[in-house]
Protein chains: 2
Amino acid sequence: MNVMNESPRRKELTRLAAQLFVQEGFDRTTVRMLAQEMGIKSGSLFHHFKDKQEILAAVIEEGTQNALAIARQSLKRCGSDPEARLRAMARAHLETLFADRNAHVVALFEWRRLDPAASAHLSHLRDAYEALWVDVIDAALNAGLIHGDRFLVSRFVLGALNWTVRWYDPNGSRTPDDLADELVGMIMAR
Amino acid sequence: MNVMNESPRRKELTRLAAQLFVQEGFDRTTVRMLAQEMGIKSGSLFHHFKDKQEILAAVIEEGTQNALAIARQSLKRCGSDPEARLRAMARAHLETLFADRNAHVVALFEWRRLDPAASAHLSHLRDAYEALWVDVIDAALNAGLIHGDRFLVSRFVLGALNWTVRWYDPNGSRTPDDLADELVGMIMAR
DNA sequence: GTCTATAATTCGATAGAC
DNA sequence: GTCTATCGAATTATAGAC
């Protein structure tokens, strides 16, 4: 359904919406704020999206799809070394949170605001991304690089990465890559 | 100001508000929903709290104060062994998230909804709690138990713990204490 | 301390002209 | 595809009786 309606215009509006959703949160972002950011009046918004929910769904789909694509791309580039792959996943995750920015943050922090239908429709995307993580973690476990339960380790690592949104200052002295490397270093047994 | 107004009634209302804030989020929780949960009409709410913001501030103060108290208590009980202290902090954190429940979750996930005045007034509480964490992490680092930068490790660990709210099922087979032990095990160098 | 009643505002969404 | 104009519902908060 959404695949048919991916005009460049809609893509641009989705990008602007993501920015506001991160700044204000979905609930506090009004359609009037969205319209103003897009340079149109609030009534015109509903020509592109049937309602506010559909904007959120578009942003979250975009953010998750993008995270999935970048992660796969990074994994392809880095060969088969378990440590390199783990590091690549962590870097890719933070890249989508802080460089590409916004859409993936919305996907992580506003997922609960999706109505049940949209959530069901998009859950396979999120599951695919998390499966990628579990695979990489699993390989690192088998290589004796880290230790623990694969599901718990995946969720702890993702939690640690996701929460950086709440405290990391991109204008500080550390790069997102620094953070990723530090996190990987923290869980590696030496 | 709030210190003067800690009637048992207000405490009970704050507890009920915390529950709704976790279920629905602060923005989507209306004063009518709050009033109904408390068994009164919406107008009566403003006899106890000057506005909706003050309810949020009360919940967050309660949640952070409680987390701080439980953490200190746990640390007192567990002696001076760095590993035991680290484990105690992780367990205490998850205990306030899942057993005591609600108020600490609101403090962590809805902090940004505080107005600047309330945020400034409460930040010393949050800082005190995080300082407790940095101290325990620092001791574990010095003991060679874990490795990394003390601030980054603290934030990664807290992020991993906080994010459990989004996926942990208290009715599942694992206890919160299991999670805490697994997380500590994950970062310990052996 | 709780009620009823309502003020004042803001929200999401629609209709129809251009 | 955007505009103007506006509807209807929902929201926070207040006023005054009991």
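Chain letters run A, B, ... following the sequence lines, proteins first and then strands; every chain starts at 1.
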Considering only residues two or more places apart or on different chains, which pairs with a residue in residues 116-129 of chain B satisfy salt bridge (charged side-chain N to carboxylate O under 4.0 Å, His left out)? none
State which residues pass ring-ring contact (aromatic ring centres under 6.0 Å, His included) with B:Y168; sequence neighbours excluded, sorted by chain then number. B:F98
Distance-only donor-acceptor pairs under 3.5 Å for side chains of residues 29-41 of chain B, two or more places apart:
unit_1 : atom_1 : unit_2 : atom_2 : d
B:T29  : OG1    : B:G25  : O      : 2.7
B:T30  : OG1    : B:R32  : N      : 3.4
B:T30  : OG1    : B:M33  : N      : 3.1

B:F49 has an atom CZ; how far is it from atom C1' of D:dT14, in whole Å? 18 Å
What's the CD-C1' distance between A:E12 and D:dG1, to the nearest Å? 16 Å
Tabulate below the donor-acceptor pairs under 3.5 Å that side-chain atoms of residues 108-118 of chain A make, not counting sequence neighbours, or state none.
unit_1 : atom_1 : unit_2 : atom_2 : d
A:E110 : OE2    : A:F26  : N      : 3.2
A:W111 : NE1    : A:S119 : OG     : 3.3
A:R112 : NH2    : B:V22  : O      : 3.2
A:R112 : NH2    : B:Q23  : O      : 3.0
A:R113 : NE     : A:D27  : OD2    : 3.2
A:R113 : NH1    : B:E24  : O      : 3.4
A:R113 : NH2    : B:E24  : O      : 3.1
A:D115 : OD1    : A:A117 : N      : 3.3
A:D115 : OD1    : A:A118 : N      : 2.9

Please tabulate, one pair per line, all N/O donor-acceptor pairs under 3.5 Å involving side-chain atoms of residues 141-149 of chain A, not counting sequence neighbours.
unit_1 : atom_1 : unit_2 : atom_2 : d
A:N142 : ND2    : A:D138 : O      : 3.4
A:H147 : NE2    : B:G185 : O      : 3.0
A:H147 : NE2    : B:M188 : O      : 3.1
A:D149 : OD2    : A:F151 : N      : 3.0
A:D149 : OD2    : A:L152 : N      : 3.0

Would you mind building the protein contact string for nucleotides 2-17 of chain C? One character per nucleotide, 5' to 3', B for base within reach (heavy atoms under 4.0 Å), S for sugar-phosphate only, - for untouched. BBB------BBBB---
